[in-house]
Amino acid sequence: DQQVKQNSPSLSVQEGRISILNCDYTNSMFDYFLWYKKYPAEGPTFLISISSIKDKNEDGRFTVFLNKSAKHLSLHIVPSQPGDSAVYFCAARDSGGGADGLTFGKGTHLIIQP
Amino acid sequence: DTEVTQTPKHLVMGMTNKKSLKCEQHMGHRAMYWYKQKAKKPPELMFVYSYEKLSINESVPSRFSPECPNSSLLNLHLHALQPEDSALYLCASSLLTASNEQFFGPGTRLTVL
């Protein structure tokens, strides 16, 4: 049973436009959410995170929105650049649960077209 | 030094071989992790070390044996693996197990013949 779901395996966006990557979760105990970016042959690179006490966190071109009632978060990249082409993983953590690992979604492959 | 390094990058082994994967970080992190990632699947947690002690073993078969010789090093000893163990093995670290952000190494691509 997948606790973190990324329902779009891939997404194609034109350079300069907004990329929106979505993530849903089922475990209401998750209280911290992270986005990782992964290039081929590299490990995941931390991008941005959000605590469940917030509904928005912004860092440069990247903004993460959290809707706790819908158990949904999204990553907005604007403007999208060719170097943003990668696989993006949504991850979640129950910081009080004693399980110290991250639970990942399956990833969304973002392709930025020139 | 702000990275997690892993060696080797690629490893091919037979089912009777014994090999080890190595992970190193010099960020002063006291929590280290092993994840396994199969193709088109998310990374899945295998082991967690906190202050060089194993704190979590996510029901991993005994043919995988982790070791944390010091606060900077994490090994994964492999013995009598099966072809279905072929995967990308990712090491990660965080300041503490209570820390939310984990930093990942590039992974070791393991193929078991």
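In what follows, every heavy atom counts, from backbone to side chain, and hydrogens, waters and symmetry copies are set aside.
How far CG of B/L45 is from CZ of A/F104: 9.5 Å, rounded to the nearest 0.5 Å.
In this model, a donor atom of one side chain and an acceptor atom of the other lie less than 3.5 Å apart for A/Y32 and B/E101.
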Side chain to side chain contact (heavy atoms under 4.5 Å, CB included) between B/Q37 and A/K38, intermediate numbers included: CA-CA 12 Å; B/Q37 185 179 16; A/K38 187 177 185 302; 3.7 Å; yes
Could you walk me through whether B/Y35 and A/L102 satisfy the side chain to side chain contact (heavy atoms under 4.5 Å, CB included) test, starting with their C-alpha distance in whole Å, then the side-chain angles of each, then the deciding distance to 0.1 Å, before giving a yes or no? CA-CA 10 Å; B/Y35 286 83; A/L102 298 174; 3.6 Å; yes
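Within the 3.5 Å criterion, the main-chain N or O of B/F103 finds no donor-acceptor partner in the side chain of A/Y36.
Nearest heavy-atom pair across B/S99 and A/R93 is O-CZ, 3.6 Å. What you find for B/K41 and A/F89 is that their closest heavy atoms are O-CE2, 4.5 Å.
Counting heavy-atom pairs under 4.5 Å between each of A/G107, A/G105, A/S49 and chain B puts A/G105 at the top.
Proximity to chain B (any heavy atom under 4.5 Å) is restricted, for A/Q2, to the side chain, taken from C-beta onward. No part of A/Y39 comes within reach of chain B, as not one of its non-hydrogen atoms sits under 4.5 angstrom from that chain.
If you chain together hydrophobic residues whose side chains sit under 4.5 Å apart, B/M13 and B/L90 never meet in one group. B/V112 is connected to B/L76 through a chain of hydrophobic side-chain contacts under 4.5 Å among Ile, Leu, Val, Met, Phe, Trp and Tyr, so both are in one cluster. Under the 4.5 Å side-chain contact rule for hydrophobic residues, B/F64 and B/W34 share a cluster. The same ILVMFWY cluster, assembled from side-chain heavy atoms under 4.5 Å apart, contains both B/L81 and B/F47. There is no path of hydrophobic side-chain contacts, each under 4.5 Å, that joins A/V87 to A/L47.
Side-chain contact between A/V4 and B/P42: absent, with no pair of heavy atoms (C-beta onward) separated by less than 4.5 Å.
Counted within 6.0 Å of CZ on A/R17, heavy atoms from surrounding residues, nucleotides or ligands total 12 or fewer; the atom is thus considered open. Within a 6.0 Å sphere centred on NZ of A/K54, heavy atoms belonging to other residues, nucleotides or ligands number 12 at most. Atom CD of A/Q3 sits in a crowded spot, with more than 12 heavy atoms from other residues, nucleotides or ligands closer than 6.0 Å.
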